[in-house]
Protein chains: 2
Amino acid sequence: MTDLKTQHLLTLAHILSKGGKHNFVNVTTTSLGKEIGKSQQSASLHLKELESGGFIERIQSGRKQSIKITHKGFVELSTLHNLLSKLISKSSNSLTFTGTITSGMGEGAYYMSMKGYTKQFKSKLGYVPYPGTLNVQIKEKKFSEAISQLSNYEGIKINPFSDGKRTFGWVKCFKSKINNKVDCELILLERTHHDTTIVEFISKHNIRKALKISEKSNVKVKISILDNFS
Amino acid sequence: MTDLKTQHLLTLAHILSKGGKHNFVNVTTTSLGKEIGKSQQSASLHLKELESGGFIERIQSGRKQSIKITHKGFVELSTLHNLLSKLISKSSNSLTFTGTITSGMGEGAYYMSMKGYTKQFKSKLGYVPYPGTLNVQIKEKKFSEAISQLSNYEGIKINPFSDGKRTFGWVKCFKSKINNKVDCELILLERTHHDTTIVEFISKHNIRKALKISEKSNVKVKISILDNFS
DNA sequence: ATTACTAGGCCACGAGTAA
DNA sequence: TTTACTCGTGGCCTAGTAA
């Protein structure tokens, strides 16, 4: 059983798009070549090889030809489709990393207690955060690199606001779980230099207390990422 | 913006299957090579090109490397997936052809009136066919070729039965519409030589009368095909 | 107009090997 | 062990052209 060459994939897909699942459709090698971004000669060769591989059937009368996808050919496309479906749906939407608790209030701690933010936290997260933030230092480069890409995602968006004198930037929250135990949110601040070796968390609870941990403890963090992009 | 080469598709899919959507995963070129059915050298080159194309990110420390798919890389796979989804779901599940009414009772006409069949027609099609069958002769080779592939599909299956003396084979029915007007079923008989230049139809109505047509009239037939295979 | 052959360039791949 | 270089082979592709 000959296998479908990856180079022929697009060609086969194009024939299907022409309606060639059950009916013979008229296709010229010139037009097919243009559509798949190759030459007429390549299209001709593709058809020849697809035919000998049993992926399409051809009827040629004189200089015209009609083409239809075979069952085998359709199954081949379906198989690839199913493979991708599984990969895409089953690929984990979480980011896991380890780090150590570090001191310092964190740049966001003060701002996160402002009314303009807490009101939104209450309605969008369902709670007003415990005062202060938990800071976790990331040591491994692969983790901080991965975290830096979080900014591509929307997360839960807390809108900017103004108190009349100045404005305060947006905050993105990402549902997280520390040590597989305490629910919290990782926060990304608009107005922060984007150093991702230290990340901040807010929570309904006093995280340190809930985890019974102290300075320099190692923690494992799992962040949920939804597929809406900014 | 560099484009994803089709040869790299499988490689990228494999990285995703390893969990590399958000996290950096450890992958050796040797193992990756085996998994994609290529050499270690090819895997190495694939990674290099995927990286320079912006589809993956790599962190290399000494002889080990960690890999993560970029947003762009994931979008690329998603795009292909969506393309296939549309093609597969929107590809027409019907076969259309033209032919001419022809005389002769048709091989199936007599058998189709037998109780063992009519009982099943009543329950599975919802009606007892008008006596006799309509025969349509197919002239164009591309149509008879397409019809010959109908046997790969289940259709509506009428089971074989026995009257004590002999057995009568199965019948497959395919919902059809003639001249965009009369509902009927194309029938494929187990015990018929598989000549697909003449096809038979049964219907609740007298098809000729309903269409007001006679011998040698041209008709256009549309057959619905469901995706269950025999 | 059409399909598809031949010739030649270029690229993908793997073997060998370095680091 | 690892990654990735160089180099030779084979296969994909296009131009030219026949039919």
(message) Salt bridge or not between A:E215 and A:R208? Use side-chain N to carboxylate O under 4.0 Å.
(response) yes
(message) Could you work out, with side-chain contact (heavy atoms from CB on, under 4.5 Å) as the rule, every residue matching B:T29, not counting sequence neighbours?
(response) B:Q40, B:A43, B:S44, B:L47, B:Q65
(message) Going by side-chain contact (heavy atoms from CB on, under 4.5 Å), name the residues that satisfy it together with A:T79, two or more places apart in sequence or in a different chain.
(response) A:V75
Name the pairs: protein N/O against N/O of nucleotides 11-14 of chain D, kept only if under 3.5 Å.
residue, atom, partner, partner atom, Å
D:dC12, OP1, A:K5, NZ, 3.2
D:dC12, O5', A:Q7, OE1, 3.1
D:dC13, OP1, A:K38, NZ, 3.2
D:dC13, OP2, A:H46, NE2, 2.9
D:dT14, OP1, A:S39, N, 3.3
D:dT14, OP2, A:S39, N, 2.9
D:dT14, OP2, A:S39, OG, 2.7
D:dT14, OP2, A:S42, OG, 2.1
D:dT14, O5', A:S39, OG, 3.4

Mind jotting down which residue pairs meet the salt bridge (Lys or Arg N to Asp or Glu O under 4.0 Å) criterion with at least one end in [range]? Sequence neighbours excluded, please.
range	answer
residues 82-101 of chain B	none
residues 6-24 of chain A	A:K18-A:E35, A:K21-B:D227
residues 173-184 of chain A	A:K175-A:E185, A:K177-A:D183

(request) With a 4.0 angstrom cut-off to heavy atoms of chain B, pull out the first and last contacting nucleotide of DNA chain C, in 5'-to-3' order. (result) C:dA12 to C:dG16
Backbone N/O of [Y] and side chain of [X]: donor-acceptor pair under 3.5 Å:
X	Y	result
A:K142	B:N26	no
B:T196	B:S144	yes
B:E200	B:G108	yes

(request) Take the C1' atoms of the five end pairs on each side of the helix from C:dT2-D:dA19 to C:dA19-D:dT2, derive the two axes, and give their angle rounded to 10 degrees. (result) 30°
(request) Consider only side-chain N and O atoms of A:H22 and B:S94, and report whether a donor and an acceptor are under 3.5 Å apart. (result) no
(request) Taking only the side-chain nitrogens and oxygens of B:T29, find out if one of them lies under 4.0 Å from OP1 or OP2 of D:dT3. (result) yes
(request) Strictly below 4.0 Å, heavy-atom distances to any atom of DNA chain C: list the hits from residues 57-68 of chain B, or just say none. (result) none
(request) Please list, chain by chain and in numerical order, all residues satisfying side-chain hydrogen bond (donor to acceptor under 3.5 Å, both in side chains) with B:T98, sequence neighbours excluded. (result) none
(request) With sequence neighbours excluded, tell me which residues meet side-chain hydrogen bond (donor to acceptor under 3.5 Å, both in side chains) with A:S42. (result) A:S39
Donor-acceptor pairs are to be reported for all side-chain atoms of residues 3-15 of chain A against protein atoms at under 3.5 Å, with residues two or more places apart or in another chain.
residue, atom, partner, partner atom, Å
A:H8, NE2, A:E49, OE1, 2.8
A:T11, OG1, A:H46, ND1, 2.6

(message) Using a 4.0 Å heavy-atom cut-off, does A:S44 contact any base of the nucleic acid, only the sugar-phosphate backbone, or nothing at all?
(response) base
